[in-house]
2 protein chains.
Amino acid sequence: MKYVTIGEAAAAYHIPESTLRYYEKQGLLPLMERDAAGRRLFSEMQMALLETVLRLKQTHMPIHDIRQYIAWVIEGESTTELRLDMMTKHKQAVLDEIASMTDALQGIDVKIERYLTRLQKK
Amino acid sequence: MKYVTIGEAAAAYHIPESTLRYYEKQGLLPLMERDAAGRRLFSEMQMALLETVLRLKQTHMPIHDIRQYIAWVIEGESTTELRLDMMTKHKQAVLDEIASMTDALQGIDVKIERYLTRLQKK
DNA sequence: ATACGGCTTAAACCATGGTTTAAGTCAACA
DNA sequence: TGTTGACTTAAACCATGGTTTAAGCCGTAT
């Protein structure tokens, strides 16, 4: 198994190291290993978890929910139904948010059109 | 012209009155009128501004930017180009965010599929 | 030997976007 | 006249999601 340092993990995803420490403290990156000097070692599992965390953040899932999801992942297959339920609901929330933004975009388009017309007439 | 109270304005958009007071303090609802007793009077212009504010919030525009936009609206047609520029950039930011969420949704779908399959096999 | 880069911690700090509290004013109705 | 109900304010409080600071430890290249 290959391990990477916090600096390498941070560079891999273009995020600050402090964010990774914060995520670990929040329970988003559990079971973190350490070397003899106390430095964090990101295993392939940690990197996979991190990628999942970042993808969930990309869809605006709150840290509280991500923590629960990650805990279920660690707990194993007995939590499959819970995870399915959470992801299904979250997917719908994301679709709703996209729909809301798409809807609001129309108001923005109306303004853009109005401003273009107004500038044309000058 | 018709005026509505803060309670009516809040009810009209299903938001707390405290939020409206906060928005006014933040400069999102300028030129607010008052009755003899010091109570806010929302004119039709205020209601139109409020609707704009809420639509911009719906697309995650920060308060700082909304304040600038509203100030330009109040300033008049001389700010048309500035507003056009802001809305054009904001539209792109919204499209980018929608694309990012849509992209992340695929990872969620993969998980949902996996969990469904896993449960089927039981 | 020492200095430097990369890591460690706890705790303080910050920005954003409100919400809540406490104390008070005012209009209308009983 | 007094008591509701709707409003007012400033200031404190809160949640979320980090970022920054200060002090220190370790390994290695000079």
Side-chain angles (χ1 to χ4, degrees), chain A residues 3-43 46-47 49-50 52-70 90 93 97 100-101 104, chain B residues 3-43 46-47 49-50 52-70 90 93 97 100-101 104:
Chain A
Y3 290 102
V4 304
T5 66
I6 195 173
E8 291 164 340
Y13 290 104
H14 307 103
I15 56 180
E17 298 177 11
S18 63
T19 300
L20 293 176
R21 296 193 187 100
Y22 172 73
Y23 286 174
E24 187 196 2
K25 193 175 285 184
Q26 294 305 310
L28 309 191
L29 300 172
L31 307 181
M32 187 74 78
E33 298 179 56
R34 304 290 182 125
D35 71 8
R39 286 171 292 201
R40 288 169 182 80
L41 294 174
F42 285 68
S43 68
Q46 307 305 319
M47 294 303 274
L49 287 180
L50 176 54
T52 296
V53 168
L54 294 177
R55 280 205 169 279
L56 291 177
K57 288 209 71 65
Q58 209 178 328
T59 56
H60 306 158
M61 183 181 280
I63 282 182
H64 172 269
D65 292 3
I66 300 179
R67 168 168 45 236
Q68 175 65 82
Y69 176 75
I70 295 289
H90 181 57
E97 193 180 345
S100 166
M101 295 185 79
Chain B
Y3 290 102
V4 304
T5 67
I6 194 172
E8 291 163 338
Y13 290 103
H14 308 102
I15 56 180
E17 298 177 12
S18 62
T19 300
L20 293 176
R21 296 193 187 99
Y22 171 72
Y23 285 174
E24 187 197 2
K25 193 176 286 185
Q26 293 306 309
L28 309 191
L29 299 173
L31 307 181
M32 188 75 80
E33 298 178 56
R34 304 290 182 124
D35 70 7
R39 284 171 294 200
R40 289 169 183 79
L41 293 175
F42 285 68
S43 69
Q46 307 305 318
M47 294 303 274
L49 287 180
L50 176 54
T52 296
V53 166
L54 294 177
R55 281 205 168 279
L56 291 177
K57 288 209 72 63
Q58 210 178 329
T59 56
H60 306 160
M61 183 181 281
I63 283 182
H64 172 270
D65 292 3
I66 301 179
R67 168 168 45 236
Q68 175 65 82
Y69 177 75
I70 295 290
H90 181 57
E97 193 180 347
S100 166
M101 294 186 78

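Note on naming: letters A, B, ... go to the chains in the order of the sequence lines (proteins, then strands), and numbering restarts at 1 for each one.
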How long is the span from the [atom1] atom in [X] to the [atom2] atom in [Y], to the nearest 0.5 Å?
| X | Y | atom1 | atom2 | value |
| --- | --- | --- | --- | --- |
| A:Ile66 | A:His90 | CD1 | NE2 | 8.0 Å |
| B:Met61 | B:Tyr69 | CE | OH | 8.5 Å |
| B:Gln26 | B:Arg21 | CD | CZ | 14.5 Å |

Taking the minimum atom-to-atom distance to the side chain of [X], which one of [options] wins?
| X | options | value |
| --- | --- | --- |
| B:Arg39 | D:dT20, D:dT8, C:dC7 | D:dT8 |
| A:Lys57 | D:dG17, C:dC26, C:dC7 | D:dG17 |
| B:Ile6 | C:dA27, D:dC7, D:dG17 | D:dC7 |
| A:Thr5 | C:dT19, D:dG18, C:dC7 | C:dC7 |
| B:Tyr22 | C:dT8, C:dG17, D:dT19 | C:dG17 |

- Going by an N to O cut-off under 4.0 Å, is there a salt bridge joining A:Glu33 and A:Arg40? no

Rounded distance (Å) that lies between atom [atom2] of [N] and atom [atom1] of [X]:
| X | N | atom1 | atom2 | value |
| --- | --- | --- | --- | --- |
| A:His64 | D:dG17 | NE2 | C1' | 15 Å |
| B:Tyr13 | C:dG18 | OH | P | 16 Å |
| A:Ile63 | D:dG17 | CD1 | P | 5 Å |
| A:Tyr23 | D:dG17 | OH | C1' | 8 Å |
| B:Glu8 | D:dG5 | CD | C1' | 14 Å |
| B:Leu41 | D:dC7 | CG | P | 11 Å |
| A:Lys25 | C:dT8 | NZ | P | 12 Å |
| A:Asp65 | D:dT16 | CG | P | 10 Å |

- Query: Under 4.0 angstrom, heavy atoms only, what part of the nucleic acid is B:Arg40 near: base, sugar-phosphate, or nothing?
  - Reply: sugar-phosphate

- Under 4.0 angstrom, heavy atoms only, what part of the nucleic acid is B:Gln26 near: base, sugar-phosphate, or nothing? nothing

Does a side-chain N or O of [X] approach OP1 or OP2 of [N] to a distance below 4.0 Å, or not?
| X | N | value |
| --- | --- | --- |
| B:Arg34 | D:dT9 | yes |
| A:Thr19 | D:dT19 | yes |
| B:Arg21 | D:dT8 | yes |

- Item | Residue whose nearest DNA chain C nucleotide is more 5′ - A:Glu17 or B:Pro62 | A:Glu17

- Task: Assess the pair A:His60 and B:His60: is the distance between their ring centroids shorter than 6.0 Å?
- Result: yes

